[in-house]
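Beneath this line is the structure, given in structure tokens, with notes to follow.
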Amino acid sequence: MSIPYRFEQTATAAEVAARWDHLGAGEESGHAVAVAGRVMLSRPQGRLAFAELRDSSGAVQLFSLASVTKEFEAFTRLRLGDWVGARGEVVRTKRGELSVKVDEWVVLAEARLPFGDKWRGVTDVETRYRQREMDLWANPKSRERLLLRSLLVRRMRERLWDRGFVEVETPILHPIPGGAHARPFVTHHRALDTDFYLRIAPELYLKRLVVGGFERVFEIGRLFRNEGLSPRHNPEFTTLELYQAYADYEDVMVLVEELTAELALDLCGATAITYQGRPLDLAPPWRRATMAELVEEATGVALSVHTPRHTLAEHAQQLGVAVEPAWGPGKLLLEVYEKTAEPTLWDPVFVRDYPAEVSPLARRHRADPELTERFEAVVAGRELANAFSELNDPDDQRARFEEQSAQHAAGDEEAMVVDAEYLRALEHGLPPTGGLGVGIDRLAMLFADATNIREVISFPTMRPERARRAEDGEDPEAGETGLRPEP
RNA sequence: GCGCCUCUAGCUCAACGGCAGAGCAACGGACUCUUAAUCCGCAGGUUCGGGGUUCAAAUCCCCGGAGGCGCACCA
């Protein structure tokens with residue numbers, strides 16, 4: 001049987017269901033359609049045969065009769081997973097199932113490999129992640145999660161366009177990894193004989209675009225961090241970063257809470273959603289609290305960046321934090337916050353006014369130079385967004401870079417290094433700007449009610465399948481060369 | 001990186017020191033209204049790999065691999 005190059009589909013399963021819903025049992029519509037999809041169930045029954053055809057919109061039953069259907073015998077031998085195109089009249093069977101009574105049909109692709117258990121599908125997580133194409137057919141929920149993610153990104157773009165933001169693309173190959181505190185992947189460019197780093201954040205380039213006159217920009221794209229995998233971390237992940245000239249972090253808070261609530265309405269139909277069985281209300285306004293306030297709430301002790309270092313160190317140690325000598329009060333306060341307050345947070349809260357020591361790209365707080373105008377949005381106990389009034393003073397930025405650089409030299413591989421190009425850009429003048437980063441995978445998890453980031457990534461990062469054979473000392477290609485010593 | 005758990009037929013799972021099994025899928029057959037169709041028949045295995053203990057190992061022990069969860073990391 002030859003496979004055609006195209007098939008003229010005139011209706012989807014969902015369209016058939018909607019348009020001929022009114023047909024009564026045993027009734028015939030008099031209308032022919034052409035449908036296509038994958039055979040998910042097959043019930044041959046002598047001179048009759050039924051098959052469930054699934055397409056991206058839903059499923060419709062194919063009803064085949066030996067007296068009507070061409071190549072009826074072959075139809076009864078269709079296997080689960082075969083792609084089929086079928087033309088015929090829309091009817092409702094005597095038992096009440098809306099069907100296409102097949103006149104002509106054609107195989108569009110054979111499923112050579114079996115398709116798993118028709119009832120229980122495929123549940124083995126390794127198979128589900130490594131062979132996602134199989135998971136998507138076997139488990140409708142997997143498809144729904146990826147669809148939801150797609151819609152999330154689409155709506156996010158639309159909401160930002162509506163607000164006058166311009167979508168841009170900035171380099172993924174960075175000569176200097178910057179914009180975040182993370183270990184990079186390294187690669188090499190032959191012609192330039194130079195190492196490049198896959199970006200750990202687009203931040204610095206986006207702010208350079210603001211310097212260049214793009215007053216509202218955003219980028220949705222992939223970031224790469226050479227760190228551990230976990231149910232909440234994938235080495236490559238997607239973020240939204242945006243920058244708004246003339247705005248400060250208070251303005252960004254309003255944007256974040258409004259945008260999130262709008263997306264919740266788009267995707268879940270309400271701002272009050274349920275995550276992991278627990279109610280979560282995303283309606284603005286969200287609570288705003290300083291890090292110091294939250295620490296005091298959680299511990300009963302008033303601590304801040306102005307608390308003597310040894311006092312902070314004592315508290316941190318009591319909490320089991322391995323305090324390092326290089327840490328100042330800011331880092332210690334952050335550690336205490338993360339151990340005590342952060343795990344208790346559930347409803348959305350803007351945790352604001354982070355220590356300057358741990359925020360090298362954020363502008364100093366207008367009321368306290370030891371703090372910055374930075375916040376993280378914590379929702380359902382997770383960091384969903386990180387934002388600040390951007391540091392636009394080139395001298396201060398240089399000083400912060402140099403502090404980071406000293407930490408890098410002292411062995412902190414994740415500390416930043418001085419980025420002269422970026423400093424030169426700041427010398428040309430960055431207006432007051434509010435900036436924001438949002439983890440799109442985590443946002444998708446929230447709306448999809450998923451606990452594992454891999455559920456919202458089409459092909460999550462896995463150890464390569466060939467690793468085992470290589471470890472065993474086998475050359476995977478040895479058997480495929482066809483070259484054998486003569487006996 | 002550390003700890004715990006998992007790995008048996010294409011898929012989903014039993015057997016837990018004593019002959020490696022079932023359902024579904026596949027394959028052959030019956031069946032003119034099925035709905036996870038039903039019925040009859042047939043076939044399917046390096047029990048993740050390697051080593052050890054034992055009369056006997058899927059099962060117990062050791063090493064390795066892959067995966068999951070938690071911790072650490074991810075400011």
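Lettering of chains follows the sequences in order, A, B, ..., and the numbering in each one begins at 1.
- A 3.5 Å limit on both hydrogen-bonding distances identifies no Watson-Crick or G-U partner for B:U53.
- If you check every strand for non-hydrogen atoms under 4.0 Å, A:Q61 touches a base.
- Sorted by first and then second residue, the pairs that involve residues 173-183 of chain A and meet side chain to side chain donor-acceptor pair (under 3.5 Å), not counting sequence neighbours, are A:H181-A:D412.
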Kindly list each side-chain donor-acceptor pair under 3.5 angstrom involving residues 326-340 of chain A, sequence neighbours excluded, with atom names and distances?
from	atom 1	to	atom 2	distance (Å)
A:K331	NZ	A:E335	OE2	3.0
A:T340	OG1	A:V336	O	2.7

Please write out each protein N/O paired with an N/O of nucleotides 6-9 of chain B under 3.5 Å, distance rounded to 0.1 Å.
none

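- Looking at heavy-atom distances under 4.0 Å, A:L113 makes no contact with the nucleic acid at all.
- Counting non-hydrogen atoms under 4.0 angstrom, A:E97 reaches a base of the nucleic acid.
- Residues from residues 358-372 of chain A placing a heavy atom under 4.0 Å of any atom in RNA chain B, listed by number, are A:V358, A:P360.
- Among the heavy atoms of the strands lying under 4.0 Å from A:F63 is at least one base atom, whether or not backbone atoms are also near.
- Between B:U54 and B:G18, the two C1' atoms lie 12 Å apart (nearest whole Å).
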Considering only nitrogen or oxygen atoms on both sides, find all protein atoms under 3.5 Å from nucleotides 12-16 of chain B and state each distance.
from	atom 1	to	atom 2	distance (Å)
B:U12	OP1	A:T123	N	3.0
B:U12	OP1	A:D124	N	2.8
B:U12	O3'	A:T123	OG1	3.4
B:U12	O2'	A:R120	NE	3.4
B:U12	O2'	A:R120	NH1	3.3

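- Out of B:U35, B:A75, B:C31, the shortest distance to the side chain of A:E335 is found at B:A75.
- When the C1' atom is compared between B:A14 and B:C24, the two are found 15 Å apart, to the nearest whole Å.
- Taking atom P on both nucleotides, B:G65 is separated from B:U35 by 50 Å, rounded to a whole Å.
- Residue-to-nucleotide proximity on RNA chain B shows that, of A:L229 and A:R225, the 5′-proximal contact is made by A:L229.
- Note on A:R79: only backbone sugar-phosphate atoms sit closer than 4.0 angstrom, heavy atoms only; bases stay farther off.
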Could you run down the sub-3.5 Å N/O contacts of the protein with nucleotides 38-45 of chain B?
none

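- Counting any heavy atom pair closer than 4.0 Å across all strands shown, A:E52 reaches no nucleic acid atom.
- Distance from the side chain of A:L65 is smallest for B:U32 among the nucleotides B:C69, B:U35, B:U32.
- Aromatic pair A:F375/A:Y354: centroids not less than 6.0 angstrom apart.
- Remark: B:U35 base-pairs with no nucleotide in the shown strands. Criterion, Watson-Crick or G-U wobble with two distances under 3.5 Å.
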